[in-house]
Amino acid sequence: MRLSIIVAGVLCAAIALLAPTADAANKVDVFIYTDTTQWIDKASAMKEAEILAEEIKGKNGIGEVILHGPAKEVEAWTKDHAVDNGHHIIVMFGDVPVEIYDVGKDKKKETLAEEFLDVGNTFSNSADYFFWGVGGRNEANGLQNMMDIPDIVQWDDNTAMKVTAEGKKMTPTLKDYATDRPFHLDQLDGDWVLEIAFATETGKGKGAARCDPCIVHNTKTNGRLIQVYQTAGQADPKGLVISEIILNYYVEAVGALDVDPQDKLPTVWGDIKTRK
């Protein structure tokens, strides 16, 4: 009897040691695309991509990070990640890969990029108009088609952006600056809403007409668009600010953080980073 009790105790202890200490959440995989760029040279885009990758790799809520994801791999990766509410992210620097969005100005053909977004995934873009395409391949039709908003545009060079209260808290690297292709919040339609604004023309999220950086969210599909510094030739800290948005806001917003089973609170990766 005594031996049985001892064996049972050892087994229970072993099981306790092997059991996970946190509830595992679905991790966010990130594909950082740098093969083609627009208002940033490729070398600079690669540098910003490397900063982003270094900041997010191994952090709570982050799964696989593909750095300098080549065009030859983006189609297969996007297909594999076009799953319901995966909340995975493709990061772009001014150009959407033609391998996943190849319709140009035609709005009739369904694309892999649309499928990826429409099942609850995310695109991030910096350094030019969202989905415009190198050489004006898609022009304004790219964003309009992806969002199913026929008239939305992203003009307004040198639009002054003031950091919002949320921006000061979540993106400490971000400072007031001027963007060239802000999101036109006053043109959002259908199921698209502003989720969070890190900088707007007024410094406030509510009632603002323009934003950058910010996240817009489709409340029906759960697709999201994150834009960060859509500027022409500016040496903005794109990689750092994208990483702050992902780590300090996005992973928690989409439920990707591991949770401590004792108190059901997210086990965050650390204090919000502040840089001077």
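No hydrogens, no waters, no symmetry mates; every other heavy atom, side chains included, goes into these values.
No salt bridge links D102 with R137; every basic N to acidic carboxylate O contact stays at or beyond 4.0 Å. Contact check on D35 versus K72 returns no salt bridge, with no Lys/Arg side-chain nitrogen under 4.0 Å from an Asp/Glu carboxylate oxygen.
Between I246 and I62, some side-chain heavy-atom pair lies under the 4.5 Å cut-off. Using a 4.5 Å heavy-atom threshold, the side chains of W155 and D180 count as separate. Using a 4.5 Å heavy-atom threshold, the side chains of P213 and L174 count as touching. For the pair K238/I40, a side-chain contact is recorded, criterion being any heavy-atom separation below 4.5 Å from C-beta on. Annotation: side chain of K27 is in contact with side chain of D258 (closest heavy-atom distance under 4.5 Å). Considering only heavy atoms from C-beta on, I51 stays 4.5 Å or farther from S243 through its side chain. At a threshold of 4.5 Å between non-hydrogen side-chain atoms, the residues M92 and P97 count as touching. Residues I56 and V28 fail the side-chain proximity criterion, which asks for heavy atoms closer than 4.5 Å.
Without hydrogens or angle criteria, Q227 side chain to R181 main chain gives a donor-acceptor distance under 3.5 Å. At distances below 3.5 Å, at least one donor-acceptor pair connects side-chain atoms of D176 with backbone N or O atoms of V163. Without hydrogens or angle criteria, T171 side chain to G167 main chain gives a donor-acceptor distance under 3.5 Å. With D236 contributing its side chain and Y229 its backbone, the two residues share no donor-acceptor pair below 3.5 Å. The backbone N or O of T221 sits less than 3.5 Å from a side-chain atom of N218, completing a donor-acceptor pair. With hydrogens and angles ignored, the 3.5 Å screen pairs a side-chain donor or acceptor of D95 with a backbone N or O of V134. Side-chain N or O atoms of T200 include none that pairs as donor or acceptor with a backbone N or O of R210 at under 3.5 Å. Panel note: side chain K105, backbone G136; a donor-acceptor pair is recorded below 3.5 Å. Panel note: side chain D29, backbone H88; no donor-acceptor pair is recorded below 3.5 Å. Judged by distance alone, with hydrogens and angles left aside, the side-chain atoms of Y129 form a donor-acceptor pair with the main-chain N or O of Q154 at under 3.5 Å.
If you take CE on M170 and CD on E252, they are separated by 7.5 Å, rounding to the nearest 0.5 Å. A distance of 10.0 Å separates CG of L225 from CD1 of I215, quoted to the nearest 0.5 Å. In this structure, L143 CG and N138 CG are separated by 10.5 Å, a value rounded to the nearest 0.5 Å. M147 contributes atom CE, which lies 10.0 Å from atom CD of Q187 (distance to the nearest 0.5 angstrom). With rounding to the nearest 0.5 Å, the separation of OG1 in T78 from CD in E115 is 9.5 Å. Going from atom CD1 of I149 over to atom CG of D191 covers 9.5 Å, rounded to the nearest 0.5 Å.
Side chains of N145 and Y101: a donor-acceptor N/O pair is present below 3.5 angstrom, by distance only. Between the side chains of Y249 and E195, at least one donor-acceptor pair of N or O atoms lies under 3.5 Å. Side-chain atoms of T122 and Y250 include a donor-acceptor pair closer than 3.5 Å. A side-chain donor-acceptor contact under 3.5 Å links Y177 and D212. One side chain, T111 or E114, offers a donor N or O that lies under 3.5 Å from an acceptor on the other. No donor-acceptor contact under 3.5 angstrom links the side chains of H87 and N121, judged on distance only. Side-chain polar atoms of D156 and H184 form a donor-acceptor pair below 3.5 angstrom. A donor atom on one side chain and an acceptor atom on the other are not found under 3.5 Å apart for T159 and E201. For the residue pair Q144/D151, the side-chain donor-acceptor check at 3.5 Å is not satisfied.
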Could you walk me through whether T164 and K204 pass the side-chain contact (heavy atoms from CB on, under 4.5 Å) test, one step at a time? CA-CA 5 Å; T164 64; K204 299 182 183 299; 5.7 Å; no

Could you go through Y33 and V91, starting from their C-alpha distance and side-chain angles, then the distance that decides it, and tell me whether this counts as side-chain contact (heavy atoms from CB on, under 4.5 Å)?
CA-CA 6 Å; Y33 175 75; V91 177; over 6 Å; no

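Cluster membership check: L52 does not share its hydrophobic cluster with F31, using side-chain heavy-atom separations under 4.5 Å among Ile, Leu, Val, Met, Phe, Trp and Tyr. In the hydrophobic clustering of this structure, V241 groups with I196; members are Ile, Leu, Val, Met, Phe, Trp, Tyr whose side-chain heavy atoms approach within less than 4.5 Å, directly or through other members. A chain of hydrophobic side-chain contacts below 4.5 Å, direct or via other Ile, Leu, Val, Met, Phe, Trp or Tyr residues, connects V254 to V30. No path of Ile, Leu, Val, Met, Phe, Trp and Tyr side chains, each step under 4.5 Å between heavy atoms, connects I242 with I66, placing them in separate hydrophobic clusters. Under a hydrophobic-cluster definition in which Ile, Leu, Val, Met, Phe, Trp and Tyr are linked whenever side-chain heavy atoms come within less than 4.5 Å, directly or via other members, V98 and L117 are assigned to different clusters.
The two atoms that bring A113 and M146 nearest to each other are O-CE, 3.5 Å, heavy atoms only. When all heavy atoms of I32 and A49 are compared, the closest pair comes out as CG2-CB, 3.5 Å. The minimum heavy-atom distance between L185 and C211, with the atom names listed, is CD2-SG, 3.5 Å. When every heavy atom of A45 is checked against every heavy atom of T37, the shortest pair comes out as CB-CG2, 3.7 Å. The two residues P237 and T173 make their nearest non-hydrogen contact at CG-CG2, 3.7 Å. The two atoms that bring F183 and I152 nearest to each other are CE2-CD1, 4.1 Å, heavy atoms only.
Ring centroid separation for the pair W39 and F93 does not come in under the 6.0 Å cut-off. Residues F130 and F123 place their aromatic rings such that the two centres sit no closer than 6.0 Å.
Aromatic ring pairs are classed by plane angle as parallel below 30°, tilted from 30° to 60° and perpendicular above 60°; the pair F116 and W77 is tilted.
Within a 6.0 Å radius of CD in E64, other residues, nucleotides and ligands contribute more than 12 heavy atoms. Under a cut-off of 6.0 angstrom, the local environment of NZ in K168 is sparse, with at most 12 non-hydrogen atoms contributed by other residues, nucleotides or ligands.
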